[in-house]
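Here is the structure we will look at, set down as structure tokens.
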Amino acid sequence: MATFTQFMKKMAVDRLVRNIDTGNLEQKLSLWAETGENRDIKTLTTLLALAEKFLGFPSNIVKESMKDCSVRKLFVNSLQGVQMYGYQEPLKIRAPFSVVYNLSNVCNLKCKHCFQRAGNPLPDEMSDERKLEVVKELGEAGLSSITFSGGEPLMYPHFFDALRIAKSYNVFVSIDTNGTLIDKDMALKLKENGLDYAQVSIDGINPETHDEFRGVKGSWEKAVQAVKNLNEVGIVTAIGVTMHKYNIDEAFELIDFSQELGAHRIVIFPFIPVGRADEILEYDIDPQTRWRLYKKLAEKIDEVDIDIVCETPHFEVITSQIKKARKEDYKPITGLCFPITTFFNASVKNAVVRPFLSMFGGCPAGRYYCNIQPNGIVSPCMFSPYEPVAGNVKDRPFMDIWTNSPLFNSLRDAAPIKERCKSCKYYKICGGGCRAYAYSTTKDPLGPDKSCSLLKTN
């Protein structure tokens, strides 16, 4: 019966979506969300009613969410994916939701774990002209979100040109930064040029912990001041922390400290053994300790005002099970739900994402987002920066790579994920775990994620 219901849902969605003209749908959705006018989108309102029936997703939440431009782009992109590939779970989409674009390999810190091995420019970096052309290609592709990273993105001489181009396409733009260059004048300049979100790296509550890990004394104080400066001008801020064996005891103090700083979110990154991190494997946390940490983090979500996110699919499994979500728990989706990848906090506080876990759950690498390197290499994830390679934007348009890369197409078909993941009861949510960790330890993009504590028990 469940298979028959799924088949009927697929047939109904395919038929409805096929008749939707997505040409200027984003503008119509904006008008509908703001004024209630729904001319020419009768089929769409039928689809939304179907979504409410099958997903339990309140239609008023959909309407409120559509006031956010990045959410409208996400929705239109998803519809176009259904038109191209048919409705399926996990969903295939026309263009990525987001891209992490490393504008330059230049950096002023010497981080021990740097997956980029950042510092000096790459010998084969793209020309500045081509780098900015790629930003235009991303905007024209209809992305919801672009994250500029590096190296240190603010050291790239044409960073503000890239930012202005991205914002001209109404894209949600964020940066990953070490914060050392963000004084009050820089924070104001970022705000004036439309930056939506800044993630500042802070790896410990103690300056010594951070500075030792980042390789430059005084970097902790500058990062903390950067958060204050960004908050002062009204840019949404996040604290990014790479969790490892030598700062794990500071995790919960750092959450409280980040909240006191006024940060909107703290993002916990797993230690991925790639780049310079491959030289300090003793920093990695064993799977059981990692899982226990994620469970404690998930339990703390409802106790604090700050948003807690872990950049790993395993966190989706844990947060989606804490409490049963009710319709009244749903709040509108905003661009803040997916500043870098996709949905990794499915707690009651962010319960709006729960109905979509079977469609968008799991690692988004090569499926919903990807990475572009300063030398043009396109890879599935920022934590697999130089390999495996999907293509190079020096030679081909970005969307040609996204659509036709055999690597990306294999990642979009969740079925080939190897080992015991397919038989795991959480497979539909987790999708086989982190592809970057899997590749770094097995050299197989479809291999097992050995950081998962359930791998040997399910």
Side-chain angles (χ1 to χ4, degrees), residues 99-128 131 134 147-157 159 175-181 199-204 209-217 219-220 222-223 240-247 267 269-285 311 340-341 365-366 369-394 407 434-443 445 451:
V99 166
V100 174
Y101 187 1
N102 296 343
L103 292 171
S104 171
N105 203 56
V106 175
C107 189
N108 56 344
L109 297 188
K110 302 172 184 177
C111 303
K112 286 187 173 184
H113 69 306
C114 183
F115 46 88
Q116 286 286 129
R117 297 186 184 273
N120 297 318
L122 299 177
D124 57 344
E125 287 201 12
M126 292 184 285
S127 67
D128 292 329
K131 286 181 181 179
V134 171
T147 297
F148 291 122
S149 188
E152 170 52 49
L154 296 180
M155 295 191 74
Y156 179 55
F159 167 79
I175 59 169
D176 286 348
T177 175
N178 60 42
T180 58
L181 303 178
Q199 180 176 285
V200 181
S201 297
I202 299 179
D203 287 301
T209 304
H210 175 94
D211 290 357
E212 194 272 340
F213 196 52
R214 296 280 164 177
V216 175
K217 190 172 179 59
S219 57
W220 185 88
K222 290 181 179 179
V241 51
T242 299
M243 198 58 63
H244 56 80
K245 185 182 295 184
Y246 302 107
N247 69 351
V267 184
F269 288 93
F271 180 92
I272 307 290
V274 66
R276 290 194 197 119
D278 193 38
E279 302 166 9
I280 53 168
L281 297 180
E282 70 275 11
Y283 277 62
D284 202 0
I285 302 169
E311 282 290 330
I340 300 174
T341 50
Y369 107 108
C370 65
N371 177 240
I372 302 175
Q373 287 295 314
N375 61 359
I377 285 177
V378 180
S379 70
C381 176
M382 61 185 177
F383 290 115
S384 52
Y386 299 113
E387 58 178 26
V389 177
N392 195 305
V393 290
K394 278 184 179 178
L407 171 63
C434 173
R435 295 299 86 214
Y437 200 98
Y439 187 80
S440 69
T441 54
T442 68
K443 297 305 176 186
S451 72

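What's counted below: heavy atoms across the whole structure, side chains too, no hydrogens, waters or symmetry copies.
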For R276 and C114, indicate whether the former's side chain and the latter's backbone hold a donor-acceptor pair under 3.5 Å. no
Under 3.5 Å, is there a donor-acceptor pair between the Y156 and D128 side chains? yes
Using 0.5 Å steps for rounding, measure from the OG atom of S440 to the CZ atom of F383. 11.0 Å
Please check: side-chain N/O of N102 versus main-chain N/O of S104, any donor-acceptor pairing under 3.5 Å? no
Does a donor on one side chain and an acceptor on the other come within less than 3.5 Å for T209 and N247? no
In Å, rounded to the nearest 0.5 Å, how long is the span from CG of D176 to CG of L154? 11.0 Å
Could you measure the distance from the SG atom of C381 to the OH atom of Y437? Nearest 0.5 Å is fine. 14.0 Å
Any side-chain heavy atom of T441 sitting closer than 4.5 Å to one from P273? yes
Which value, rounded to the nearest 0.5 Å, describes the distance between T177 atom OG1 and F148 atom CZ? 13.5 Å
Quick check: do K112 and E279 have side-chain heavy atoms less than 4.5 Å from each other? no
Taking the side chain from R214 and the backbone from C111, do they hold a donor-acceptor pair closer than 3.5 Å? no
Over 60° means perpendicular and under 30° means parallel, so classify the ring planes of H244 and Y283, tilted if in between. tilted
Do N105 and Q116 meet the criterion of a side-chain donor-acceptor pair at a distance under 3.5 Å? yes
Can the ring centroids of H113 and F271 be said to lie less than 6.0 angstrom from one another? no
Looking at D211, is its backbone amide N or carbonyl O close enough to the side chain of S219 to form a donor-acceptor pair, meaning the two atoms are under 3.5 Å apart? no
Any side-chain heavy atom of D284 sitting closer than 4.5 Å to one from I272? no
Within the 4.5 Å heavy-atom criterion, are P445 and L407 side-chain neighbours or not? yes
Would you confirm whether K222, through its side chain, and N178, through its main-chain N or O, come within 3.5 Å as a donor-acceptor pair? no
Just wondering, do Y101 and M382 contact through their side chains at under 4.5 Å, heavy atoms? no
Rounded to the nearest 0.5 Å, how far apart are CZ of F269 and OG of S201? 7.5 Å
If the threshold is 4.0 Å, N to carboxylate O, is there a salt bridge linking E125 and K394? no
Go through the side-chain N and O atoms of Y246 and D203 and say whether any donor and acceptor fall under 3.5 Å apart. no
